[in-house]
Amino acid sequence: MTHSSRISGFFKMPREQRVEAVQAFAGLSEAEAALLRQGLALPVEQADRMIENVVGVYGLPLGIATNFQINGRDYLVPMAIEEPSVVAGASFAARLVREGGGFQAHSDAPLMIGQLQILDVADPWAARFALLAAKERLIALANQQDPLMIRLGGGARDVEVRVIEESPVGPMLALHLLYDARDAMGANTVNTALEAIAPLAAEISGGRVRLRILSNLADRRLARAQAVVPVSALAQEGYSGEDVAQGIVEAYAFAASDPYRAATHNKGIMNGIDAVVLATGNDWRAIEAGAHAYAARGGRYTSLSKWGRDAQGNLVGTLELPMAVGTVGGATKVHPLAQVALKVLGVQSARELAEVVAVVGLAQNLAAIRALAAEGIQRGHMALHARQLAIAAGAPPERVDAVVARMVAEKVIRLDRAQEILREMS
Ligand code: MEV
């Protein structure tokens with residue numbers, strides 16, 4: 001069993017051999033490796049029990065990003081995504097950061113926020129006062145709802161009350177129940193606790209409770225990642241390391257200052273994040289919602305990551321965002337491949353998973369803005385696109401590379417050209 005995620009030539013291996021390498025790295029059982037090998041691991045009968053009105057199962061490629069080293073540990077990262085270049089980009093960036101000692105990451109305790117909307121309070125500030133004075137009763141009631149969560153060390157921790165002085169229907173209160181969800185994402189547990197405490201909150205406040213639901217702006221559950229890249233590692237054909245590092249900092253400055261660019265910059269981050277979140281059976285919409293709300297927390301939408309230079313001139317990137325992911329509950333337990341993905345990652349807790357996910361977001365961001373700052377994004381994309389076209393044109397596996405090489409050399413990347421080249425070859 002090897003514990004280095006630096007598996008050279010992984011991308012060139014036949015798929016079967018890649019599965020073997022992942023199996024060896026993560027100690028997967030034969031049955032788990034077979035799930036990867038067979039392609040579609042979610043039986044339709046199981047899918048039928050997951051959502052309503054099921055007619056089939058929708059597949060996505062599952063790739064493995066290599067080279068990741070986080071807090072001194074090596075990880076192979078499963079990513080479920082349809083977009084070419086993402087897995088390659090993450091692996092490439094992870095290799096650059098490896099040269100600077102790998103990523104550092106840490107995260108907050110898994111505190112979720114659940115909200116009660118309280119309307120029709122005569123005096124919002126007096127109602128807030130009364131609710132905060134009754135905090136212990138509310139917390140105790142919330143903690144009667146999920147004994148297992150309490151046994152695992154989780155549960156309601158605190159109550160906060162925000163006065164919303166103006167809204168289209170007048171003043172209201174937002175009561176926040178801060179809830180430690182341990183290794184769960186927490187939505188079900190928090191929503192149950194909120195529904196349980198709503199009548200008591202209405203009585204104490206003298207108001208009327210309407211919504212009782214988790215907030216996806218999980219800003220008490222942040223994950224942070226940092227990458228340090230020696231400038232020499234950034235040098236490439238036609239560009240000095242210094243030039244690329246400066247380009248990356250300038251690209252960041254654009255995203256920091258302009259919401260049109262920030263949206264795309266953050267999309268690049270989410271390319272990495274969503275793919276791991278999805279592979280591990282987590283709710284990627286929740287993560288998306290939290291990320292973008294967090295990116296706009298200052299009143300103006302901006303970059304989620306920051307890039308600059310340290311005293312030694314190294315390029316340094318950091319990323320911080322809400323990361324409500326779980327390793328238990330929901331699809332993490334139901335989807336057979338989510339289980340395998342978690343085993344490949346080898347994470348011991350939801351916090352560790354959150355840290356890995358944040359790191360992959362930062363890696364993806366580095367890959368994208370490095371390419372944009374140097375040769376541009378199309379060169380890498382086009383090679384992958386050419387590959388897809390060669391396959392679509394019916395190239396047998398032993399001819400794909402040759403067809404791709406011709407199209408890239410000619411800079412004509414089209415299906416009809418792939419077909420022509422194939423005809424010429426036969
Ligand atoms: C494409 O999926 C993502 C990028 O647009 C991200 C970026 O512009 O930073 C390349």
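Order of appearance sets the numbers: ligands from 1, and atoms from 1 within every ligand.
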K.L.:
Heavy-atom contacts with L372 under 4.0 Å: which atoms of ligand 1 show up? List them by number with element.
P.N.:
7 (C), 8 (O), 9 (O)
K.L.:
In terms of residue, atom name and distance, what is the protein heavy atom nearest to atom 10 (C) of ligand 1?
P.N.:
I377 CD1, 3.8 Å
K.L.:
Should D108 and R224 count as an ion pair when the cut-off is N to O under 4.0 Å?
P.N.:
yes
K.L.:
Check each atom of ligand 1 against the heavy atoms of G268 and keep those under 4.0 Å away; list them by number with element.
P.N.:
6 (C)
K.L.:
Tell me, which protein residue and heavy-atom name are nearest atom 6 (C) of ligand 1, and how many Å apart are they?
P.N.:
T264 O, 3.5 Å
K.L.:
Answer yes when R98 and D74 have at least one side-chain N-carboxylate O distance shorter than 4.0 Å, and no when they do not.
P.N.:
yes
K.L.:
Determine all donor-acceptor pairs shorter than 3.5 Å in which one atom belongs to a side chain in residues 390-402; sequence neighbours excluded.
P.N.:
unit_1: D401; atom_1: OD1; unit_2: R387; atom_2: NH1; d: 2.9

K.L.:
For residues 11-20, please give each side-chain donor-acceptor pair under 3.5 Å, one per line with the distance, not counting sequence neighbours.
P.N.:
unit_1: R15; atom_1: NH1; unit_2: L36; atom_2: O; d: 3.4
unit_1: R15; atom_1: NH2; unit_2: R37; atom_2: O; d: 2.9
unit_1: E16; atom_1: OE1; unit_2: R37; atom_2: NE; d: 3.3
unit_1: E16; atom_1: OE2; unit_2: R37; atom_2: NE; d: 3.1
unit_1: R18; atom_1: NE; unit_2: F10; atom_2: O; d: 3.0
unit_1: R18; atom_1: NE; unit_2: M13; atom_2: O; d: 3.4
unit_1: R18; atom_1: NH2; unit_2: F11; atom_2: O; d: 2.9
unit_1: R18; atom_1: NH2; unit_2: M13; atom_2: O; d: 3.0

K.L.:
E83 heavy atoms, cut-off 4.0 Å: which ligand 1 atoms fall inside?
P.N.:
1 (C), 2 (O)
K.L.:
Which one of R370, R261, K267, H265 has a non-hydrogen atom at the shortest distance from atom 8 (O) of ligand 1?
P.N.:
R261
K.L.:
Just checking, R95 and F92: is the charged tip under 6.0 Å from the six-membered ring centre and within 45° of the axis?
P.N.:
no
K.L.:
Would you call the rings of Y301 and H292 parallel, tilted or perpendicular, taking 30° and 60° as the class edges?
P.N.:
parallel
K.L.:
Name the closest protein heavy atom to atom 3 (C) of ligand 1, giving the residue it belongs to and the distance to 0.1 Å.
P.N.:
N271 ND2, 3.5 Å
